[in-house]
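Have a look at the structure below before the remarks.
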Amino acid sequence: MVRPPMQDEYLGTAIDFAAPAGEPALLAPDSVQWRIYKNPIALGIGGIAAVLLEFAEPRIRSGVWDHSTYKADPIGRSRRTGLVAMLACYGPASTAKQVIGQVNRMHGKVKGETPSGDKYRAMDPVLLDWVAATASYGFLMAYDRFVHVLSDADKDRFMRDGDAIGREFGARRTPPTIAAFMGMMDELEPRFEAHPIIFEFLDIIQSGRAAPGVPRFLHRAIARASVSLLPPHIRGKLQLGARYDLTRFDRTALRVAGRLADRHVDRAAPHCQASVRLGLPHDFLFKSPAEQQRLLAIA
């Protein structure tokens with residue numbers, strides 16, 4: 001039985017990945033983002049790695065912890081963030097821009113001071129750039145390591161194309177390569193610090209509360225995998241020690257899960273609905289690159 005199109009709501013805005021017919025997304029269907037964002041294992045691991053890198057920065061950590069629902073409802077907050085990410089990739093461009101604009105207006109009210117006395121505001125360009133960059137890095141490296149190895153050309157294209165999404169959120173400096181991302185990290189690293197909130201966040205992930213139907217060992221593996229995406233010296237600075245080491249079983253289980261997820265076709269999923277919206281088969285992203293180009297030429 002086919003489920004109805006995925007419809008949701010964010011801040012009162014209805015989200016329908018299947019309509020209006022023909023409206024493009026912020027990124028093209030043959031982008032590397034469309035290939036990667038369809039995989040929930042890569043998004044889960046990469047999204048957690050991104051949060052770890054964001055929480056390493058005291059101003060971002062304080063902004064999220066003090067001004068969002070994260071403390072009271074971390075799972076709901078994460079799901080809403082995930083919905084916006086899917087919308088930014090697959091949704092109709094007009095809806096994506098409307099919702100992202102709402103997010104930006106909310107962030108515009110966020111300002112405060114860290115426990116050590118550093119003032120911050122959510123719309124600080126440096127912080128916006130870092131948040132956008134960590135998401136790109138996390139999703140890309142998680143897919144490359146736990147689903148399918150990507151070519152250097154695909155990695156660079158993914159990072160470059162991320163600019164189209166990052167700029168909607170207010171980012172002005174989106175690193176075009178992994179090397180450029182590492183350079184951005186080097187600039188911010190002197191501010192990075194370990195903090196109990198980071199460990200609390202990882203405990204929430206490992207608890208399995210986000211998806212009770214998924215075996216708990218897989219939640220623990222996903223948390224460890226996210227830590228494994230951090231450069232060793234950053235991991236050391238955040239004091240993410242041996243208890244977060246990825247085991248051989250973890251790695252094998254995640255690769256199996258990642259590859260199975262990459263072949264799972266769900267007509268109601270955002271990527272399938274978005275494909276139909278653009279006049280493509282619902283399983284467009286599961287076809288060979290040559291067939292995708294043929295279908296795009298027809299569409």
Can you measure from [atom1] ([X]) to [atom2] ([Y]) and round to the nearest 0.5 angstrom?
X	Y	atom1	atom2	result
C89	L26	SG	CG	9.0 Å
I197	D203	CD1	CG	12.5 Å
T134	E54	OG1	CD	3.5 Å
H271	I36	NE2	CD1	13.5 Å
Q206	R220	CD	CZ	7.5 Å
D262	H148	CG	NE2	4.5 Å

For [X] and [Y], indicate whether the former's side chain and the latter's backbone hold a donor-acceptor pair under 3.5 Å.
X	Y	result
R235	L240	yes
S31	L27	no
Q273	R267	yes
E57	R191	no
R121	G108	no
S62	R59	no
N104	E168	yes
R259	V147	yes

Looking only at heavy atoms, which two atoms of [X] and [Y] are closest? And how far apart?
X	Y	answer
L238	A56	CD2-CB, 3.6 Å
A221	L254	O-CD1, 3.5 Å
G170	L128	O-CD1, 3.7 Å
A142	A42	CB-O, 3.4 Å
F217	A253	CE1-CB, 4.2 Å
A171	D129	CA-OD1, 3.3 Å

Quick one: do D154 and R35 make a salt bridge, cutoff under 4.0 Å?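 R35 and D154: salt-bridged.
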So that I can tick it off, tell me whether D163 and R173 are bridged by a salt bridge, with the cut-off set at under 4.0 angstrom between side-chain N and carboxylate O. no
Can [Y] be reached from [X] by stepping across I, L, V, M, F, W or Y side chains whose heavy atoms are under 4.5 Å apart?
X	Y	result
V256	I41	no
M123	V64	no
L218	F249	yes

Min side-chain heavy-atom separation [X]-[Y] under 4.5 Å:
X	Y	answer
F181	S136	no
L246	F146	yes
E189	H233	yes
L87	I100	no
R61	E193	yes
P176	D156	no
R263	L260	yes
L43	Y143	no

Over 12 non-hydrogen atoms of neighbours within 6.0 angstrom of NZ in K237: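 More than 12 within 6.0 Å, yes.
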The test is side chain to side chain contact (heavy atoms under 4.5 Å, CB included); show your working for L285 and Y90 and say whether it passes. CA-CA 12 Å; L285 289 172; Y90 298 118; 4.3 Å; yes
For the residue pair W130 and F192, does the interplanar ring angle fall in the parallel (under 30°), tilted (30 to 60°) or perpendicular (over 60°) class? tilted
What class does the angle between the rings of F199 and Y244 fall in, given that below 30° is parallel, 30 to 60° is tilted and above 60° is perpendicular?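 It falls in the parallel class, under 30°.
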The test is side chain to side chain contact (heavy atoms under 4.5 Å, CB included); show your working for S275 and W34 and say whether it passes. CA-CA 10 Å; S275 296; W34 270 54; 3.8 Å; yes
Candidate pair R224 and D250, rule side chain to side chain contact (heavy atoms under 4.5 Å, CB included), full reasoning: CA-CA 8 Å; R224 293 171 186 151; D250 292 336; 2.9 Å; yes
Let's go through D30 and R157 carefully: what are the C-alpha distance in whole Å and the side-chain angles of both, what is the deciding distance for salt bridge (charged side-chain N to carboxylate O under 4.0 Å, His left out) to 0.1 Å, and is it a yes or a no? CA-CA 11 Å; D30 60 350; R157 183 183 172 202; 3.8 Å; yes
Of the options V276, L296, L278, which is the one that meets F284 in a side chain to side chain contact (heavy atoms under 4.5 Å, CB included)? L296
Apply side chain to side chain contact (heavy atoms under 4.5 Å, CB included) to S94 and E23, showing your working. CA-CA 8 Å; S94 61; E23 181 170 344; 2.7 Å; yes
Should the pair K38 and F286 be classed as cation-pi, given the thresholds of under 6.0 Å to the six-membered ring centre and 45° from the axis? yes
